[in-house]
Student: 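Take a look at the following structure, please.
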Number of protein chains: 2
Amino acid sequence: MGEHGSEHASSNTHGNGNGRREVTVSDVAAAARVSKATAARALGDYGAVSDSVRERVQRAAEELGYRANALARTMTTGRSNTIGIVVGDIENPFFAQATRGAADIADTAGFDLILSNSDEETESEAKAIGVQLAKRVDGLLVAPASSVDIRNLRTIVDAGRPLVLFDRVAEGIEADAVIAANRTGARKLTGLLTSAGHRRIAFISTLLHTDGYRSGEVLGSSSVAERVAGFTTTLAEAGIPRPEAWVRLNARADGVERAAVELITGPDAATAVVASDSRIALAVFRAARSVGLRIPEDLSLVAFDDADWTGLTTPSITVMSQPIHEIGAEAARLLVRRIRGDGGPFVTKVLDQRLIERESVAPPRL
Amino acid sequence: MGEHGSEHASSNTHGNGNGRREVTVSDVAAAARVSKATAARALGDYGAVSDSVRERVQRAAEELGYRANALARTMTTGRSNTIGIVVGDIENPFFAQATRGAADIADTAGFDLILSNSDEETESEAKAIGVQLAKRVDGLLVAPASSVDIRNLRTIVDAGRPLVLFDRVAEGIEADAVIAANRTGARKLTGLLTSAGHRRIAFISTLLHTDGYRSGEVLGSSSVAERVAGFTTTLAEAGIPRPEAWVRLNARADGVERAAVELITGPDAATAVVASDSRIALAVFRAARSVGLRIPEDLSLVAFDDADWTGLTTPSITVMSQPIHEIGAEAARLLVRRIRGDGGPFVTKVLDQRLIERESVAPPRL
DNA sequence: AAACGAATTGAGACCGGTCTCAACATACGC
DNA sequence: GCGTATGTTGAGACCGGTCTCAATTCGTTT
């Protein structure tokens, strides 16, 4: 076998530097003694081919070790069967879970995932989106670094690619979105604290924001904005003055613990904390321990995200659980539908959060 | 502007269903009144172009909203600037961290990542690898589902694509690998327990394996195999009979806790446990609590991986920390080097693990 | 001013598939 | 037995880039 063709072995243009040329449809066609078109039909599973020829071609392909070039296919069909996903940081369990949810749906629908981390910066987000568009992804899943500056998202829409946002929404962009009911969640979580009698309650997030938070200000991330809104209105309803003064943003990843220490010590120390995600809860937990405060006796703590370990600490932590996996999965479902051509109106799906009360809340001291 | 060309507006073959055709080099060339070849040179940043023409072309590209088609480029150059990564499960913090490490290096080197989950099954691993090869990735990063059945890995090598394994090695495959010193780590970790006086020590892993473990048997994952080896030899050195009887594999993800309960209760209950990763440690911790055993008084626990919460529990958990991020990063570095053409001998990099002693080890009860 | 070399440009093949269209073969109806 | 419908096959254009090679322009040298 394989004695056909001329000896162009040395004409080995590009390829993989390996000395081996890829086997192409033409090679298979020659081996099976049919035209390129027919071989392509048999291999690509389209058009009409007689059973005998199909079998002959497939056997030839098998023998030669033919492997279709998906890129060449994309060139003519316009479909790449690839979707791009841009997350803040895949190391963050939230994004890891959402990505897995999306990957499962994508896989079933026959799509691959190109993954990029934005580090929540619009600049690297722009770069990631640029590359993904250049690779002609069929659609994108994006947790936008900014809900306000939508230029990156516009690029996608202008390029004519379907886009689904997840975890955060953005005004004025033609895209579906899947988010959690953050405002309601924040209200319930904060309510637990006000009901217990707390008056000095802090909200901590790592969201980057210039200067301190002032009421009515627009925040970069809609999910944090919603949580802040739920938090401040709950405080206001409890008659606590200047709720916005208790919103602490900009807690840099490496400085969350220090920020937490500042908040829970001193004359005006908070007696309770709402952590915007499980990693922040971890830092607060550690901070409390480092300054000798006991939870919940000296400090109450509640957080978003039911990370698997939150039920394990002493005390276990009361959390607002989000259907993270489902957020990613649903986003992928919507995207696949768009890619398949659904032209219906854009929707924003809001998934419920679920309160899991544990042991980290108690009335404030004295 | 844009009044050039004939009105082939309706010849709108494929594209993105959006009614809009992609802007191509030819379009830009026409607008800038130069040949396609020249426009391509100016846009692709290769060959020689006069400054005036380059500027004219770039302005035309800007106005038309030209975006290079990376796929077409790959077709001729043979380079896709994409690397594939196959992990067990991106939701597993280990893989999430390693992936991030790889993504950072890849990004700096100008590569994108196509991500696939194998769920540790060779079958879906095969599918993932097939798709990635079809998409002509420049190389692959794989945490092989099996260190024994290397057919999937051979597919990659046969296709002439560079391959770097991480977390696990495989005999008989031409590939670099980056792993941690698991055997040494297991010895140290287990030694802590034997030194404390434990004689009934269990090792728990979720690795799938037919039937119970028997000495000398080949395990699917080399990293677990190494840990088991370190574990059993340490037990043997301590004069404990039938060390392999204490190796518990097959703990299915959803049944780890139940498996742990079985191990730590009953007449022959283990008084100490070595957990093969942080998720298992979590399950054991929970199991101990559910049956009313206190750590470390009633049960000692040590684990692999310094998950961020392991220092937070009461008691905090003694762990063997792995440089996970670096494992991914170094694997990516090796791969990029191969892609760039380094033809040196294949290497296996072994990174050190680091013991972090905390509070979860104590002598056994009487 | 003629000759030469370097820089720039254009024409067209090529990568590996898909797809359109025409040619041909076979089967069917009447 | 002839016209037509259906099925199968082949030839060649095409997708959007890159790359080779020849043609042209321009500046220099002698």
Side-chain angles (χ1 to χ4, degrees), chain A residues 5 8 11-16 20-57 61 64-81 133-136 159, chain B residues 5 8 11-16 20-57 61 64-81 133-136 159:
Chain A
H8 44 221
S11 76
N12 183 8
T13 328
H14 74 279
N16 43 39
R20 204 179 302 115
R21 225 188 88 248
E22 309 274 353
V23 178
T24 73
V25 173
S26 299
D27 299 330
V28 176
R33 303 176 179 288
V34 293
S35 74
K36 180 184 161 192
T38 299
R41 277 188 278 256
L43 296 171
D45 204 35
Y46 62 93
V49 196
S50 68
D51 290 346
S52 65
V53 168
R54 182 194 327 277
E55 203 193 335
R56 187 145 48 96
V57 170
L64 295 178
Y66 170 76
R67 182 179 299 279
N69 184 329
L71 272 42
R73 184 168 291 167
T74 299
M75 286 292 297
T76 51
T77 62
R79 281 163 273 118
S80 63
N81 293 319
L133 288 177
K135 292 200 170 149
R136 297 300 188 262
Chain B
H8 43 222
S11 76
N12 187 5
T13 328
H14 75 280
N16 42 41
R20 204 180 301 115
R21 228 190 85 249
E22 309 274 353
V23 178
T24 73
V25 173
S26 298
D27 299 330
V28 176
R33 306 176 174 288
V34 293
S35 73
K36 180 185 164 193
T38 300
R41 278 188 278 255
L43 296 171
D45 204 35
Y46 63 93
V49 196
S50 68
D51 291 345
S52 65
V53 169
R54 182 194 325 278
E55 203 193 336
R56 188 146 47 96
V57 171
L64 296 179
Y66 170 77
R67 183 179 300 279
N69 183 328
L71 271 42
R73 186 168 290 165
T74 299
M75 286 292 297
T76 51
T77 62
R79 282 164 271 116
S80 64
N81 293 319
L133 288 177
K135 293 203 169 146
R136 297 300 189 262

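Model, not experiment: these values are computed from the prediction. Order of the sequence lines sets the chain letters (A, B, ...), proteins ahead of strands, with each chain counted from 1.
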Student: What are the atom names and distances for every N/O pair under 3.5 Å that joins the protein to nucleotides 19-21 of chain D?
Tutor:
none

Student: Identify, with sequence neighbours excluded, every residue that meets side-chain contact (heavy atoms from CB on, under 4.5 Å) alongside A:Ala134.
Tutor: B:Ala70
Student: Angle, rounded to 10°, between the helical axes spanning five pairs at each terminus of the helix from C:dA1-D:dT30 to C:dC30-D:dG1?
Tutor: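 Its terminal axes enclose an angle near 40°.
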Student: Search all heavy atoms of B:Leu43 against all heavy atoms of B:Tyr66 and return the closest pair with its distance.
Tutor: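 Smallest interatomic distance, heavy atoms only, reads CD1-CE2, 3.7 Å.
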Student: Check this one for me: any side-chain N or O of B:Thr38 less than 4.0 Å away from OP1 or OP2 of C:dG10?
Tutor: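 Yes, such a contact exists.
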Student: Listed by chain and number, what are the salt bridge (charged side-chain N to carboxylate O under 4.0 Å, His left out) partners of A:Arg67, not counting sequence neighbours?
Tutor: none
Student: Nearest of C:dT9, D:dG10, C:dG17 to any side-chain atom of A:Asn69?
Tutor: C:dG17
Student: Restricting to side-chain hydrogen bond (donor to acceptor under 3.5 Å, both in side chains), what partner residues turn up for A:Ser26, sequence neighbours left out?
Tutor: none
Student: Which nucleotide sits closest to the side chain of A:Tyr66: D:dG17, C:dG17, C:dA11?
Tutor: C:dG17
Student: Can you name the residues that form a side-chain contact (heavy atoms from CB on, under 4.5 Å) with B:Arg41, not counting sequence neighbours?
Tutor: B:Ala37, B:Thr38, B:Tyr46, B:Val49
Student: I want to check one thing: is the phosphate of C:dG16, taken as OP1 and OP2, less than 4.0 Å away from some side-chain N or O of A:Thr24?
Tutor: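 For A:Thr24, the contact criterion (side-chain N or O under 4.0 Å from OP1 or OP2 of C:dG16) is not met.
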Student: Looking at residues at least two apart in the chain, or sitting in another chain, which of them share a salt bridge (charged side-chain N to carboxylate O under 4.0 Å, His left out) with A:Asp45?
Tutor: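 None.
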Student: Rounded off to whole Å, could you give me the CD-to-C1' distance for the A:Glu22 and C:dC15 pair?
Tutor: 11 Å
Student: Once side-chain contact (heavy atoms from CB on, under 4.5 Å) is applied, do any residues pair with B:Ala32, and if so which ones, sequence neighbours excluded?
Tutor: B:Val34, B:Arg56, B:Val57, B:Ala60
Student: Sequence neighbours left out, what passes side-chain contact (heavy atoms from CB on, under 4.5 Å) with A:Asn69? Give chain and number order.
Tutor: A:Leu71, A:Ala72, B:Met75, B:Arg136
Student: Using heavy atoms to find the nearest nucleotide of DNA chain C for B:Ser52 and B:Arg136 separately, return the residue whose nucleotide is more 5′.
Tutor: B:Ser52
